[in-house]
Amino acid sequence: MLTIRCVEPEDKSFWFTLDKHISEKEFFRKVRDKTGYVLLQDTEPIGLLRYNLFWDNTPFCNLLYIAPAHQKKGLGKKLMLYWEDEMRALGYEWIMTSTQADEDAQHFYRKMGYQDAGALIINIPPAAQPAELFFIKAIETRQS
């Protein structure tokens with residue numbers, strides 16, 4: 001049975017097995033602000049999603065990650081649709097996400113109905129990376 005719930009302090013050790021990009025302080029901010037979700041299969045945590053507000057007014061999915069043993073089974077889609085429903089319930093009309101140009105996630109987001117919205121090139125050391133592709137999606141009606 002699949003369950004999705006807000007991240008809790010007890011999820012810390014699991015969270016950091018998948019998320020190498022935030023600090024412990026930021027993790028606890030996600031817990032406090034309820035801006036992170038954990039996907040569980042039965043009682044085993046197998047995925048996560050965290051977001052913030054871009055421009056302080058637009059939901060932006062910062063990270064969606066399913067444990068490797070559980071990938072390619074439609075679980076990322078379930079977690080993303082859950083987040084979209086949550087954002088819709090909070091009254092938001094559109095949402096954003098991004099991924100690096102060299103990552104396959106761009107194809108996933110396009111299949112989920114996200115539209116390309118530009119790119120950011122960061123070419124200064126030590127932050128240099130492939131172009132970051134941005135995506136947007138209207139959420140006033142559910143798209144599958």
Side-chain angles (χ1 to χ4, degrees), residues 1-92 94-137 139 142-144:
M1 180 169 123
L2 288 177
T3 307
I4 300 171
R5 62 164 170 74
C6 286
V7 62
E8 299 172 354
E10 299 77 27
D11 296 315
K12 181 180 157 194
S13 61
F14 162 72
W15 191 276
F16 285 105
T17 65
L18 299 183
D19 188 351
K20 311 292 186 198
H21 304 287
I22 64 171
S23 67
E24 184 175 317
K25 180 179 178 182
E26 193 60 31
F27 168 79
F28 285 111
R29 186 172 293 134
K30 296 292 175 198
V31 171
R32 181 196 70 202
D33 296 344
K34 298 187 183 320
T35 55
Y37 300 101
V38 175
L39 172 68
L40 300 109
Q41 187 166 28
D42 299 317
T43 59
E44 177 192 0
I46 60 170
L48 58 87
L49 182 150
R50 65 175 161 85
Y51 75 97
N52 67 353
L53 295 180
F54 195 84
W55 296 315
D56 295 327
N57 64 17
T58 304
F60 186 98
C61 177
N62 292 306
L63 182 69
L64 168 67
Y65 199 89
I66 305 299
H70 301 278
Q71 292 177 1
K72 307 290 185 198
K73 298 177 183 177
L75 301 175
K77 180 177 180 177
K78 289 182 189 302
L79 189 50
M80 203 66 179
L81 290 173
Y82 181 88
W83 177 65
E84 290 176 10
D85 286 343
E86 290 286 299
M87 297 304 99
R88 187 179 298 106
L90 290 172
Y92 295 105
W94 65 290
I95 53 182
M96 299 177 66
T97 193
S98 71
T99 189
Q100 287 183 188
D102 63 342
E103 295 175 333
D104 289 337
Q106 61 182 296
H107 309 297
F108 167 78
Y109 292 124
R110 288 183 187 113
K111 284 181 186 176
M112 293 282 303
Y114 287 78
Q115 300 172 26
D116 290 69
L120 175 66
I121 298 180
I122 302 172
N123 59 6
I124 55 171
Q129 66 177 47
E132 188 75 13
L133 304 177
F134 286 82
F135 298 91
I136 58 173
K137 182 178 182 180
I139 57 169
R142 187 173 190 166
Q143 301 175 13
S144 39

Contacts of Tyr92 meeting side chain to side chain contact (heavy atoms under 4.5 Å, CB included) (sequence neighbours excluded), chain-then-number -> Leu53, Pro59, Met87, Leu90, Ile139

(request) Compare all side-chain heavy atoms of Cys61 with those of Leu49 and state whether any distance is below 4.5 angstrom. (result) yes

Using residues 32-48 as the side-chain source, report each donor-acceptor pair under 3.5 Å to any protein atom, sequence neighbours left out, with the distance given to one decimal.
{"residue": "Gln41", "atom": "OE1", "partner": "His70", "partner atom": "ND1", "Å": "3.4"}
{"residue": "Asp42", "atom": "OD1", "partner": "Met1", "partner atom": "N", "Å": "2.9"}

Sorted by chain and number, sequence neighbours left out, salt bridge (Lys or Arg N to Asp or Glu O under 4.0 Å) with Glu26 holds for Arg29

Taking distance alone, no hydrogens or angles, what donor-acceptor pairs closer than 3.5 Å link side-chain atoms of residues 118-132 to residues at least two apart or in another chain?
{"residue": "Gln129", "atom": "NE2", "partner": "Glu132", "partner atom": "OE1", "Å": "3.0"}
{"residue": "Glu132", "atom": "OE2", "partner": "Ser98", "partner atom": "OG", "Å": "2.6"}
{"residue": "Glu132", "atom": "OE2", "partner": "Thr99", "partner atom": "N", "Å": "3.4"}

In this structure, OG1 of Thr97 is separated from CG of Leu64 (nearest 0.5 Å) by 7.5 Å

Quiz item: Is Phe108 close to Lys77 at the side-chain level, that is, under 4.5 Å between some pair of heavy atoms?
Solution: yes

**Request:** Please step through side chain to side chain contact (heavy atoms under 4.5 Å, CB included) for the pair Tyr51 and Ile95, ending with a clear verdict.
**Result:** CA-CA 10 Å; Tyr51 75 97; Ile95 53 182; over 6 Å; no

When rounded to the nearest 0.5 Å, the distance separating OH of Tyr109 from CD1 of Ile136 is 15.0 Å

Pairwise side-chain contact, Met80 with Tyr114, heavy-atom cut-off 4.5 Å (strictly under)
yes

Query - Residue pair Phe54, Phe60: steps toward the ring-ring contact (aromatic ring centres under 6.0 Å, His included) verdict - result: CA-CA 6 Å; Phe54 195 84; Phe60 186 98; 5.5 Å; yes

Here the side chain to side chain donor-acceptor pair (under 3.5 Å) pairs for residues 55-65, sequence neighbours left out, are Asn52-Asn62

Would a distance-only check, ignoring hydrogens and angles, find a side-chain to backbone donor-acceptor pair under 3.5 Å from Lys137 to Met112? yes

Rounded to the nearest 0.5 angstrom, the CD1-NZ distance for Ile22 and Lys30 is 6.5 Å

What one should report as the nearest heavy-atom pair of Asp19 and Phe16 is O-CD2, 3.4 Å

Taken to the nearest 0.5 Å, the spacing of Arg110 CZ from Leu133 CG works out to 6.5 Å

pair Phe27-Arg50: side-chain heavy atoms closer than 4.5 Å: no

Handout entry: Crowding at NZ, Lys20 (>12 non-hydrogen neighbours, <6.0 Å)
Key = yes

When rounded to the nearest 0.5 Å, the distance separating CG of Leu79 from CG of Leu75 is 9.0 Å

Side chain to side chain donor-acceptor pair (under 3.5 Å) filter on Asp11, not counting sequence neighbours, yields Arg5

